[in-house]
Protein chains: 2
Amino acid sequence: MEVTKRPGGRSARVRDAVRNATLAELAEHGFRGLTVENVAERSGVHKTTVYRRWGSVEGLIADALELAAHEPWPVPDTGTVEGDLRGVVELVRSGFEDPELGPVSSAFVAAAMQSPEAARALHAFFEARHDQSAQVVRRGVERGELPVTVDAREVVRVAVAPVYYRLFVAHEPVSREDADRAADAALAAARAGVL
Amino acid sequence: MEVTKRPGGRSARVRDAVRNATLAELAEHGFRGLTVENVAERSGVHKTTVYRRWGSVEGLIADALELAAHEPWPVPDTGTVEGDLRGVVELVRSGFEDPELGPVSSAFVAAAMQSPEAARALHAFFEARHDQSAQVVRRGVERGELPVTVDAREVVRVAVAPVYYRLFVAHEPVSREDADRAADAALAAARAGVL
DNA sequence: GAGTTAACGCAACTGGAGTTGTCTTTGGAA
DNA sequence: TTCCAAAGACAACTCCAGTTGCGTTAACTC
């Protein structure tokens, strides 16, 4: 994306300013409170510029999302699949509890439900996340803790799904125990050979 | 909710007209395309009235959601837990593929992410759904297919979660096989005693 | 069946999101 | 250095979601 003919200097500064402003606004006011005008004012960039380059709030979010997708994320390494997978799920859960990251992450999910552009960006984001997280499952297979037939990415999906389901669909609280149980369930299914 | 001092006659007609118009608009244009003005015009009710009684688009959705929560839904009865749980998950999956129900259901999920009011309504909705669906698990326990210690509602959650996760979070397609696998995974975990 | 008032209809208004046309700045190439 | 075009700034405008004040209708009460 972003086929800019002038990547240097002012354009780059503007882009960074807008991205940072987007994240800051998102953290403060969430997706509902995100407006192009506020982002423009906060970044010091004129609103017409933001409209022309990003088009809308969804565009802003899609752009910020691409940034986030490239950021590395700390895959746990406790020595056992149980510990690692629990760690991954707990990382997800606690991320949404964080007053800084929580609103931003939630905004991403919300935006993707309304904008195909943001949906594509979020899809790519999770594609990357699944790949990274699947590592803990693959290590488990290498250690002989899991059958070689397991679909590592699918195990990750099944493990984290209940957390997202509770948060964004059923709108129930998610405790640490809930997260652990979800990880354990995915693991049990993998051991039983259904994943 | 809805402490109406004049539940009869005109007020009731207005309420029904608006509810139906909301569902119709939702089915046609989805959550993004839902506006108070369109609902007002379609229902033949003046927009001021809609604004005063429902407040906003989210209010309209929350109201429609309460209706949906009370509607019974066909819990499968195939004779085995496998069949029943697969049936439940497949019912969820196919529901979102349905050109009629799909957009409406998706709109509910989307609205709940932006409005506490809709979130509460959706929470109640899933509370009811979980209760009804848990029946298939309880029957499995009675038949001796599952240990008596299982948390029936939790099994349901883990079973359907991957479908919602794929659809609304990771934005991946969900095949029938994916749905079956999710049901099987929850079942395997239940048999292993982790749910 | 007459009075009361909750609920609805109507029209005019407000505010802010998004657009358009034009001028100015500046990055990059010759 | 010079030049040109891409990208940004600015102001003025459009348009529509949401509001307000007031008149009208029709449920409920006695």
Side-chain angles (χ1 to χ4, degrees), chain A residues 1-22 24-26 28-64 107 110-111 114-118, chain B residues 1-22 24-26 28-64 107 110-111 114-118:
Chain A
M1 194 191 166
E2 280 276 349
V3 188
T4 38
K5 293 189 176 182
R6 288 184 178 180
R10 183 169 62 168
S11 292
R13 278 198 305 277
V14 164
R15 197 192 51 215
D16 290 348
V18 169
R19 278 177 172 174
N20 287 332
T22 300
E25 284 289 317
L26 233 37
E28 277 183 27
H29 312 296
F31 176 61
R32 299 195 66 189
L34 187 73
T35 71
V36 174
E37 297 218 348
N38 287 346
V39 170
E41 193 179 356
R42 183 172 208 136
S43 63
V45 174
H46 204 86
K47 74 167 181 169
T48 35
T49 300
V50 179
Y51 273 115
R52 281 202 246 261
R53 280 190 60 174
W54 284 271
S56 64
V57 265
E58 284 84 8
L60 286 170
I61 290 184
D63 185 39
Q114 294 178 51
S115 148
E117 192 183 357
Chain B
M1 193 192 166
E2 279 277 349
V3 188
T4 38
K5 293 189 175 181
R6 288 183 177 181
R10 183 170 61 167
S11 293
R13 278 196 306 278
V14 164
R15 196 191 52 215
D16 289 349
V18 169
R19 279 177 170 174
N20 288 331
T22 300
E25 284 289 318
L26 233 37
E28 277 183 27
H29 311 297
F31 176 60
R32 298 193 66 190
L34 188 72
T35 70
V36 175
E37 296 217 350
N38 287 346
V39 170
E41 192 179 357
R42 182 171 207 138
S43 64
V45 174
H46 203 86
K47 75 165 181 171
T48 340
T49 301
V50 179
Y51 272 114
R52 280 202 250 261
R53 279 190 59 174
W54 284 271
S56 66
V57 192
E58 285 83 10
L60 286 170
I61 290 185
D63 186 38
Q114 295 179 48
S115 148
E117 191 184 358

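Small disclaimer: the values here were computed from a predicted structure and weren't measured. Below, read A as the first sequence line, B as the second, and so on, with proteins coming before strands; counting in each chain starts at 1.
Side-chain contact, B/Thr35 with B/Glu37: no donor N or O sits under 3.5 Å from an acceptor N or O. For the residue pair A/Ser115 / A/Glu117, no side-chain donor-acceptor distance below 3.5 Å is found, with atom types taken as modelled.
Side-chain N/O atoms of B/Arg52 and base N/O atoms of D/dG18 include no donor-acceptor pair closer than 3.5 Å. On a pure distance criterion of 3.5 Å, a polar donor-acceptor pair joins the side chain of A/Thr48 and the base of D/dC10.
Taking atom CG of residue B/Asp16 and atom C1' of nucleotide C/dA7, one finds them 16 Å apart after rounding to whole Å. Rounded to whole Å, atom C1' of C/dA11 lies 10 Å from atom NZ of B/Lys47. Going from atom CZ of B/Arg32 over to atom P of D/dA17 covers 14 Å, rounded to whole Å. Here C/dT25 presents its P atom at 15 Å from CZ of A/Arg13, a figure rounded to the nearest Å. One atom, CD of B/Glu41, and another, P of C/dG9, lie 14 Å apart when rounded to the nearest Å. Between A/Glu58 atom CD and C/dA17 atom C1' there is a gap of 13 Å when expressed in whole angstrom units. As rounded to whole Å, 7 Å separates atom P of C/dC8 from atom CH2 of B/Trp54. Atom CZ in A/Arg15 sits roughly 12 Å away from atom P in D/dA7 (whole-Å rounding).
Each of A/Val39, A/Val57, A/Asp63 was scored for a side-chain contact (heavy atoms from CB on, under 4.5 Å) with A/Thr22, with one residue passing: A/Val39. For the side-chain contact (heavy atoms from CB on, under 4.5 Å) criterion with B/Thr49, the lone passing option out of B/Lys47, B/Arg52, B/His46 is B/His46.
Side-chain nitrogen and oxygen atoms of B/Ser56 include none within less than 4.0 Å of the OP1 or OP2 phosphate oxygen of D/dG18.
The A/His46 side chain lies nearest to D/dA9 when the options are D/dA9, D/dT19, D/dG8. With D/dA12, C/dG9, D/dA17 as the choices, the nucleotide that has an atom nearest any side-chain atom of B/Thr49 turns out to be C/dG9. In the set D/dA9, C/dG9, C/dG18, C/dG18 carries the atom at the smallest distance from any side-chain atom of A/Tyr51.
Across B/Phe31 and B/Glu58, no two heavy atoms sit closer than the pair CZ-OE2, 4.4 Å.
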